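Here's the structure, in structure tokens; my notes come after.
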Amino acid sequence: MKNKIINIFETMGLSWAVPMVKLATGENPKEQGNALFQLLGLPLIAIMLFLGLWSAMAAQVNTSLGTLPGPSQVWAQTVNLYAEHKEERAKEVAFHERQEVRNAKKLEKNPDATIKVRPYTGKPTFFDQILTSLFTVFTGFLLASVIAIPLGIACGLSDNLYTAVSPLIQIFKPISPLAWLPIVTMVVSAVYVTNDPMFEKAFVTSALTVTLCSLWPTLINTAMGVASIDKDLLNVGRVICLNWSAQVFKIALPASLPMIFTGLRISLGIGWMVLIAAEMLAQNPGLGKFVWDEFQNGSSNSLGRIMVAVLTIGLIGFVLDWLMLTLQKFVSHEKSAAR
Amino acid sequence: MTTVHNVEALFPKEGNVITDNCNEKSAIPLARKNYLDISYVSIEFPTSLGPFKALDRVNLKIAKGEFISLIGHSGCGKSTVLNIIAGLLQATEGGVVLEGKEVNDPGPDRAVVFQNHSLLPWLTVYQNVELAVKQVFRNKKSKSEMDEWIRHNLELVHMSHALHKRPSEISGGMKQRVGIARALAMQPKVLLMDEPFGALDALTRAHLQDSLMEIQRDLNNTVVMITHDVDEAVLLSDRIAMMTNGPEATVGEVLEIELERPRHRVALSDNSEYNHYRREVLAFLYERQRKPAEKTA
Ligand SMILES: Nc1ncnc2c1ncn2[C@@H]1O[C@H](COP(=O)(O)OP(=O)(O)OP(=O)(O)O)[C@@H](O)[C@H]1O
Ligand SMILES: [Mg+2]
């Protein structure tokens, strides 16, 4: 039981939790205390030092919007943003209540009256922007994966196909998202014309930009993973006469899953970075736009709010990476011994 | 073009010479002796330095139920011969005929035990065998029959205790046992083994050799096994085919091992006949086919 918990923590990359479990079960306190200090204490000290340094240095920098905010101001803004979010939500609830009451009265007078239900159109809060960004990045990332994984498998299985598309991959891979953006924007406005759009154009543009940039690592890693499968494993499939699709789904795909996940992890990381840039540049809703709006706004709180956003971007990026890493460990064959 | 390269000329595909339904009295001895017929097999690999002729006119006739070992120095082309029999490689000239039918593609009638076990690491022991059984006996066995057959074959190699473990959780010897079980479970006409015990320590190897002899006594399979180990070859085989050094390697000599079965390694260790066979193989390998020093390194 205990070992199972420890194993899960280690797979999840939470190695600092292991000494805690061991301490709780009464293992050699001195040794575990040392381990805890190494795994948890040292990073905490580093963070403290960083905060102190930031606080001291920030006070020295005078910008046109006042001195650079230190950790305490940034924290104050975080609280502030949360309060604004609460307020906005309360307004929304109130709006819907008023609307319902109004509609109910209307129906009372005349049961055949056509009633209107209007959506609330308040300003998106910081937390709304976070959700928008997350939704956009996952859409773009999913689209990229749906294209890259099958194509990568095909490239890995066929040398000819790989030779054929390799130059294209090499050229498209290093293109900056900022270069894609104008093209994607124009193409989306030209092609995506419907009267009743399911998604906003801005969302489609951001998601497609993410797709274009996060396609390549998955594609390359999948192709490499499939191409480097032990020949004997594929020969096993040939000896028992697996047909083409069984060969792919029963052997090639599972065998290259760890490599595919490595690619996916890199892709998601790139996608997140690209998304913020795209949102800033193209004024597409999301965290990037929040930063840009605050920058344009230029109130005395702006710098603090931007810093909150920057730290949030980092934190989310970290969590996404950790999620992918954990998934990757769960699918890798070596680790499967632990299950 | 040299004299006889066209196998189909020798053994027409719908041939009347060695198919099972022909005149039994005269056909059986020939069919038995030529159960697996490797004739005039040559292969050239295209390389950056031009074509590389690895095998030159390899001839070997193997009888049904015979256990034959291929021995030779590293890189001479043993695996290549085996892969051609398996249908994983295509001979440039000559061909392989099994039970009167020319071999062109891989198939479960020629099951392969690979050197490094080649179990799928994401499947359990049971599932690894199941994958093969489900494929080979599709529409032929019911679900419960398949289950029984999988368990039976894993029982044969003494692996019933680890049915639901993954390859990473069992030892190298056990993995190789499962690899053998998977091959046996295909009920092949010929069992092909490429250095099945090469990666194992001496003790484990001895255990597995004993297991294999036991299985062989019961099932009497036709087996072609590659080995580097002279003792292993003499202990297990009915005949040993010794290959010359490459390039353009071929079967140099074939040694008939007429030791009585069952064979026991301890009893044989001071058996003069056994030691005579050993000496023969060693003499072939280290006197007649000595490897240049720099290549053996
Ligand atoms: N696909 C290939 N392309 C080019 N050359 C090859 C290829 N496969 C094998 N060879 C060459 O053919 C020769 C025989 O190889 P093979 O693997 O059959 O040797 P082997 O006797 O099995 O060696 P070992 O005992 O080390 O396994 C070697 O010289 C090898 O370099
Ligand atoms: Mg070999």
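In this text, all values refer to a predicted model and were calculated from it rather than measured experimentally. Every chain is numbered from 1, with letters handed out A, B, ... down the list of sequences.
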Closest approach of [X] and [Y], non-hydrogen atoms and distance?
{"X": "A:R238", "Y": "B:P106", "value": "O-CB, 3.6 Å"}
{"X": "A:I240", "Y": "B:Q135", "value": "O-CG, 2.8 Å"}
{"X": "A:C241", "Y": "B:G107", "value": "SG-CA, 3.8 Å"}
{"X": "A:V239", "Y": "B:A111", "value": "CG1-CA, 4.2 Å"}
{"X": "B:W122", "Y": "A:P254", "value": "CE2-CB, 3.2 Å"}

Does any backbone or side-chain atom of B:A86 lie under 4.5 Å from a heavy atom of chain A? Answer side chain, backbone, both or neither.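 For B:A86, neither part sits under 4.5 Å from chain A.
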Relative to chain A, which segment of B:L119 carries a heavy atom at a distance below 4.5 Å: side chain, backbone, both, or neither?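 Only the backbone of B:L119 comes within 4.5 Å of chain A.
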Under 4.5 Å, heavy atom to heavy atom: which of residues 182-191 of chain B reach chain A? Give them by number, or say none.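 Those residues of residues 182-191 of chain B which have a heavy atom under 4.5 Å from chain A are B:R182, B:M186.
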Taking atom [atom1] of [X] as the centre, does the number of heavy atoms from other residues, nucleotides or ligands within less than 6.0 Å exceed 12?
{"X": "A:E31", "atom1": "CD", "result": "no"}
{"X": "B:F52", "atom1": "CZ", "result": "yes"}
{"X": "B:K134", "atom1": "NZ", "result": "no"}
{"X": "A:M12", "atom1": "CE", "result": "yes"}
{"X": "B:K175", "atom1": "NZ", "result": "yes"}
{"X": "A:M324", "atom1": "CE", "result": "yes"}
{"X": "B:K53", "atom1": "NZ", "result": "yes"}
{"X": "B:E148", "atom1": "CD", "result": "no"}

Show, in sequence, the C-alpha distance, side-chain angles and deciding distance for B:V112 and A:N235, and conclude whether the side chain to side chain contact (heavy atoms under 4.5 Å, CB included) test is met. CA-CA 9 Å; B:V112 185; A:N235 281 342; over 6 Å; no
Please report the interatomic distance CG(B:N116) to CG(A:L233), rounded to the nearest 0.5 Å.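 Here the rounded value is 8.0 Å.
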Name the member of B:D194, B:L120, B:V136 that forms the most heavy-atom pairs with chain A at distances under 4.5 Å.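 Most pairs with chain A among the choices: B:L120.
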